Amino acid sequence: MTPASRPLLVVEDDESYRSLLARSLQRRGFAVRTASSADEALAACAEQAPAYVVLDLNLRGESGLNLIRPLLAYAPAARIVILTGYASIQTTVAAMRLGACHYLPKPANTGDLVRALLDDNIALDTRIDEEQLSVQHLQWEYIQRKLAENDGNISATARALKMHRRTLQRKLAKRRPPDLGFAVE
């Protein structure tokens with residue numbers, strides 16, 4: 001079945017990135033619709049169930065993970081790919097358990113995104129380079145895991161890490177350390 005024969009929904013709150021993704025995926029033959037919020041996404045699904053969904057993990061401060069099950073209720077066979085600028089092992093595992101088929105860092109390479117949408121046995125670029133294993137990256141992953149273990153409670157996480165709460169808040173306010181430089185084609 002060709003991508004154009006089934007609809008794709010892009011759920012992304014950043015307007016410029018959403019339209020860039022939509023154009024790029026339309027050029028690849030998908031029938032793309034877009035949504036900027038969970039409510040818009042569910043309304044679009046009620047109108048027409050998508051075969052594919054590209055879902056941002058952070059939708060205006062709300063977790064895109066909370067949208068996976070409602071999307072699958074409208075479209076049980078939909079292949080959902082999560083995109084995020086704040087990837088952590090904890091959220092990747094959670095997304096897969098909830099029903100997402102893949103999880104990619106932002107900005108994702110369009111070729112990798114299309115392969116993630118269409119194929120279960122894809123060979124994404126899984127090289128690990130020196131930058132990926134930086135101390136900052138490992139620290140970020142560890143903090144994210146502890147934060148998830150404490151249900152997002154900053155104070156409890158700070159105690160578990162034996163760190164002052166304000167120090168933890170400063171670390172969380174910083175963006176995730178850079179990994180591989182993916183770009184939308």
Side-chain angles (χ1 to χ4, degrees), residues 10-18 20-21 35-41 53-72 79-113 115-117 120 122-184:
V10 174
V11 185
E12 167 65 55
D13 59 348
D14 180 306
E15 185 179 342
S16 60
Y17 190 62
R18 182 176 63 244
L20 179 67
L21 270 177
S36 64
S37 68
D39 291 338
E40 285 182 23
V53 178
V54 176
L55 176 61
D56 185 14
L57 181 66
N58 184 5
L59 295 169
R60 295 189 181 121
E62 299 287 324
S63 175
L65 294 178
N66 297 331
L67 193 53
I68 294 174
R69 284 197 175 134
L71 287 171
L72 289 173
R79 294 184 53 84
I80 299 175
V81 174
I82 302 287
L83 288 182
T84 183
Y86 305 97
S88 74
I89 294 168
Q90 197 76 20
T91 54
T92 303
V93 170
M96 300 310 237
R97 284 185 177 159
L98 289 168
C101 65
H102 290 286
Y103 189 99
L104 298 172
K106 268 184 178 178
N109 174 292
T110 305
D112 285 344
L113 184 53
R115 282 188 295 279
L117 288 165
D120 280 326
I122 60 171
L124 298 175
D125 186 1
T126 56
R127 291 174 292 144
I128 296 177
D129 62 14
E130 300 277 327
E131 290 178 31
Q132 252 188 316
L133 298 177
S134 69
V135 172
Q136 292 86 6
H137 180 83
L138 294 173
Q139 179 185 49
W140 175 264
E141 291 288 342
Y142 185 69
I143 288 171
Q144 293 301 311
R145 184 167 35 120
K146 287 297 182 185
L147 191 60
E149 287 172 8
N150 288 288
D151 297 322
N153 184 312
I154 302 281
S155 296
T157 302
R159 282 191 299 276
L161 293 171
K162 296 178 176 50
M163 178 184 296
H164 194 280
R165 181 182 48 79
R166 287 187 196 146
T167 301
L168 178 58
Q169 285 175 317
R170 280 193 297 274
K171 289 181 180 294
L172 291 171
K174 294 180 182 176
R175 291 190 60 88
R176 178 175 183 243
D179 287 338
L180 299 172
F182 294 106
V184 174

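All of these numbers come straight from a predicted model, not from anything done at the bench.
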Going by salt bridge (charged side-chain N to carboxylate O under 4.0 Å, His left out), name the pairs with one or both residues in residues 155-167, residues two or more places apart or in two chains.
none

Atom pair CG (L161) and CG (L168), whose distance is rounded to the nearest 0.5 Å:
6.0 Å

Anything under 3.5 Å between a donor and an acceptor, one on a side chain of residues 63-70, the other on a protein residue two or more places apart or in another chain? List them.
{"from": "S63", "atom 1": "OG", "to": "L65", "atom 2": "N", "distance (Å)": "3.1"}

Please test L21 against L83 for side-chain contact (heavy atoms from CB on, under 4.5 Å), starting from the C-alpha separation and ending with a verdict.
CA-CA 11 Å; L21 270 177; L83 288 182; 3.7 Å; yes

Note, V54 side chain near E12 side chain (heavy atom, < 4.5 Å)
no

Separation of I82 CD1 from L104 CG (nearest 0.5 Å):
10.0 Å

Taken to the nearest 0.5 Å, the spacing of R79 CZ from L72 CG works out to 11.5 Å

Quick check: closest heavy atoms across A35 and A41, and the distance to 0.1 Å?
CB-N, 3.5 Å

For the CG atom of L20 and the OG1 atom of T110, what is their distance to the nearest 0.5 Å?
7.0 Å

Within this structure, what is the CD-CE distance for the pair Q169 and M163, rounded to the nearest 0.5 Å?
11.5 Å

How far apart are the closest heavy atoms of R18 and S36, and which atoms are they?
NH1-CB, 3.1 Å

Heavy atoms only: give me the nearest L59-V11 pair and the separation to one decimal.
CD1-CG1, 3.8 Å

Would you compute the distance between atom CG of L55 and atom CG of L57 and round it to the nearest 0.5 angstrom?
7.5 Å

Would you sort out whether S37 and D13 count as a side-chain contact (heavy atoms from CB on, under 4.5 Å), showing the intermediate values?
CA-CA 6 Å; S37 68; D13 59 348; over 6 Å; no

